[in-house]
Amino acid sequence: MSYRWAILLGAVLAAVAIVLPARPAGAHGFSSTVYVTVGHGEQGHVRTALELEYDLFVVSAADAQGDDALFHAGDAAFRDGDAAGQAAVLDAHADAALRYVTERFQVTAAGRACTPSRAGDFTIGRQEGVPYAGLSLDWACPPASEHEVRTGLFADAEGFVKGVKTIVTYDLDEHSGSAALDAGHPSFSTGQAWYQRFWEFFRLGAEHLLTGIDHILFLLALIAGSRRLREIVLAATSFTLAHSVTFMLAALGAVDAPAHLVEPVIALSIAVVAVWHLLKPARDLPEKGLDRAGWIRLVVVFCFGLVHGLGFAGALGIDEPWSWTLLWSLLVFNVGIEVVQLGIIAAAFPLLMLLRRQAPKAGRWTTGGVAAGVAAMGLIWFFQRAL
């Protein structure tokens, strides 16, 4: 057991050494999500309601339009947490803010551009625990049976964030549904087939798990701590059921937890599951089923899975009831997560089992090293997010 204590001590020291000078950051990286609702407006117009992360919107619009006053006033209002002041800043610099949006967000009808006009003042709400600016636009469009929405908001080339997603819900042209847009797929049409929309959400779910390193590390901790196929299958199933429950409850508006609480707990869950493997004593495994320690681990994984589900919901800004149409898309998003999760298990666990059988000592050191590294990152993220 001494090597495990040495690895654990090294992990703790590494976490403390790194976290003290570190800049707080989320494990998902610096990104954002834009929310758009598309529907019918007055006098045959198309109405779009956009929600954009406030501080990113201010920085991007000020930089693109050369409006330093917008940046300084907007930043001050953001730091003060003054929602009314934030809306007032955007209204005072409406030309720059509106120009930034309309140069990067368009609605077309049968290939012909629609003409936008602002509908009302800017508003301030909250998504994922941070302020979001609301902007409504009316679009005068030529007569058409289908409309297309295209976005280039907060592009990677602007240098502020990367991988921005735009979640669109629409009820237009006798069609309703939802779409997920990004740099690789920047547009959608109201005439788009249902399977095309669902593929976008499946891909979005798969990409979220692949780019959400904290969820991957949690999964690796489960793999490292499982010695038989039965254990990892039960652990993965428990995790899947738990995060699916809270993910869908969040989509229905039944639960809502602020990101500043959810994210530190997710980080802590990573460290706990990894440390559990480092500290657990060697024991004989029952021929069938799980022993008491195995069942306790399963319960712990399930509880942490509930929190991870809130994290998955937070990735799409789910904090209020959405339409049933969007709910089906979110189910597909969850399926995308599960497919990638199963793929990681199918690739990593057989290799680990082979190593344990062919070289038991190397297998112990490998799993111990993986668990120590995962524990270190979990502790780093926990302190960063908590502080």
Side-chain angles (χ1 to χ4, degrees), residues 4 7-8 10-19 22-31 163 205-227 231-233 235-240 242-243 246-247 259 262-280 297-298 300-315 336-352 355 363-386:
R4 289 177 176 171
I7 293 174
L8 177 59
V12 173
L13 292 177
V16 173
I18 295 174
V19 74
R23 173 186 177 183
H28 292 97
F30 295 96
S31 187
E207 289 177 352
H208 177 71
L209 189 67
L210 286 173
T211 57
I213 186 65
D214 50 358
H215 299 299
I216 290 180
L217 290 184
F218 185 84
L219 192 58
L220 289 179
L222 292 182
I223 293 172
S226 301
R227 288 181 289 170
E231 285 187 324
I232 187 58
V233 168
T237 301
S238 175
F239 179 64
T240 294
H243 79 65
T246 46
F247 181 86
V262 171
E263 291 299 323
V265 176
I266 289 177
L268 184 62
S269 73
I270 298 169
V272 168
V273 172
V275 170
W276 187 299
H277 170 63
L278 290 170
L279 297 184
K280 71 177 183 181
R297 176 174 180 261
L298 209 58
V300 170
V301 169
F302 183 86
C303 292
F304 283 138
L306 294 174
V307 182
H308 280 250
L310 295 174
F312 289 135
I337 291 173
E338 300 314 321
V339 169
V340 173
Q341 177 177 289
L342 291 174
I344 293 173
I345 293 174
F349 190 72
L351 293 176
L352 182 59
L355 179 62
R364 289 195 301 272
W365 278 97
T366 298
T367 55
V370 169
V374 171
M377 290 307 302
L379 290 173
I380 291 169
W381 288 329
F382 172 72
F383 283 114
Q384 286 180 340
R385 297 174 184 184

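- Of all the heavy atoms in Gly205 and Ile337, the pair that sits closest is O-CG1, 3.4 Å.
- Ring geometry for Phe304 versus Phe218: interplanar angle over 60°, hence perpendicular rather than tilted (30 to 60°).
- Shown here are the side-chain contact (heavy atoms from CB on, under 4.5 Å) partners of Leu352, two or more places apart in sequence or in another chain: Ile223, Arg356, Thr367.
- Side-chain contact between Val273 and Phe239 is absent, with no heavy atoms from C-beta onward closer than 4.5 Å.
- Here the closest heavy-atom approach between residue Ala242 and residue Gly305 is recorded as CB-C, 3.6 Å.
- Glu338 has its side chain within reach of His243: a pair of non-hydrogen atoms, C-beta onward, lies under 4.5 Å apart.
- Shortest non-hydrogen contact noted between Ala224 and Val370 is CB-CG1, 4.3 Å.
- Qualifying side-chain contact (heavy atoms from CB on, under 4.5 Å) partners for Val307, counting only residues two or more places apart in sequence or in other chains: Val262, Val265, Ile266.
- Proximity of Leu209 to Gln341: side-chain heavy atoms (C-beta onward) are separated by under 4.5 Å at one or more points.
- Closest heavy-atom contact between Pro264 and Ala386: CG-N, 4.0 Å.
- Of all non-hydrogen atoms in Ala371 and Ala274, the two that sit nearest each other are O-CB, 3.2 Å.
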Output, in order, the C-alpha distance, side-chain angles, deciding distance and verdict of side chain to side chain donor-acceptor pair (under 3.5 Å) for Ser226 and Arg297. CA-CA 10 Å; Ser226 301; Arg297 176 174 180 261; 3.2 Å; yes

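- Closest approach of Thr237 to Val233, counting heavy atoms only: OG1-O, 2.7 Å.
- For Leu355, the side-chain contact (heavy atoms from CB on, under 4.5 Å) partners are Ala359, Ala362, Thr366, not counting sequence neighbours.
- Remark: Thr240 OG1 to Phe302 CZ distance equals 11.0 Å, nearest 0.5 Å.
- Here the OG1-CG distance, from Thr246 to Leu310, works out to 4.5 Å after rounding to the nearest 0.5 Å.
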